[in-house]
Amino acid sequence: SQNQFASWFNVNAVKNDSLYEPLAQEGSVCGVGVNLALVHDPPLHIKSDHYSYINIIDSIEPNTPAEKAGLRTNDIMLEVDGTNLNDGQTLYLPEDVADMTRGPEGSEVVVAVERDGKRVKFVLIREHLDVASSSPLSSPVRKMKPVTP
């Protein structure tokens, strides 16, 4: 019966669980406003002996620190606060890089990108961002895939 279910399933215990946290934070992030994508370098249609993965800026939210500073779509993310994203050792996923760019409101984050073969450095001040629910970065739930029993 429903009462048996209620007795062992404590909603408040789930709410206080750290895994529940990202869902509660949806729509409220302090960051710079970039949406990232992981791509092959060189692209797979180009024959190469070695392919690596790079994070590029897929889109930039309007009126955000990233837009004001002059970051552009297709800039290649090289570094965040001194962490080399292309060290050949670690694969940084867009979620990892996004986490690095987040932090306390008003704090500084230094981002280096490659644009037209040149390294360009930006100092951004993190702002409180209202992430629209349509934005792919806003919902941790998007990682869930249907499981076939």
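For the single chain, residues carry numbers from 1 onward in sequence order.
The NZ atom of Lys47 sits 7.0 Å away from the CG atom of Asp49 when rounded to the nearest 0.5 Å. With values rounded to the nearest 0.5 angstrom, Leu93 atom CG is found 11.5 Å from Leu85 atom CG. Interatomic distance, CD of Glu114 versus CD1 of Ile56, reported as 12.0 Å (0.5 Å rounding). Atom OG1 in Thr90 sits 9.5 Å away from atom CG in Asp96 (nearest 0.5 Å).
Contact annotation: the side chain of Leu71 approaches that of Val34 to within less than 4.5 Å [non-hydrogen atoms, C-beta and beyond]. At a threshold of 4.5 Å between non-hydrogen side-chain atoms, the residues Ile54 and Met77 do not count as touching.
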message: Set out, in order, the CA-CA distance, both residues' side-chain angles and the distance that settles side chain to side chain contact (heavy atoms under 4.5 Å, CB included) for Ile76 and Asp41, then state yes or no.
response: CA-CA 10 Å; Ile76 300 167; Asp41 179 37; over 6 Å; no
task: Run the numbers on Asn55 and Leu38 for side chain to side chain contact (heavy atoms under 4.5 Å, CB included), then give the verdict.
output: CA-CA 5 Å; Asn55 281 280; Leu38 195 67; 3.8 Å; yes
Trace of the side chain to side chain contact (heavy atoms under 4.5 Å, CB included) decision for Asp81 with Met100: CA-CA 8 Å; Asp81 272 347; Met100 290 178 188; over 6 Å; no
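The minimum heavy-atom distance between Ile60 and Ala66, with the atom names listed, is CG2-CB, 4.0 Å. Listed here is the closest heavy atom pair of Pro65 and Gly31: CG-O, 3.8 Å. Cys30 and Gly103 make their closest contact through CB-O, 2.9 Å (heavy atoms, listed as atom of the first residue, atom of the second, distance).
Annotation: ring pair (Phe, Tyr, Trp, His ring centres under 6.0 Å) contacts involving residues 44-98, sequence neighbours excluded, comprise His40-Tyr53. Sorted by first then second residue, the side chain to side chain donor-acceptor pair (under 3.5 Å) pairs that include residues 67-80, not counting sequence neighbours, are Lys68-Glu127, Asp75-Arg115, Glu79-Arg119.
In this structure, Leu78 is not a member of the same hydrophobic cluster as Val109, with clusters built from ILVMFWY side-chain heavy atoms closer than 4.5 Å.
Among residues two or more places apart in sequence or in another chain, the salt bridge (charged side-chain N to carboxylate O under 4.0 Å, His left out) test is passed with Asp99 by Arg102.
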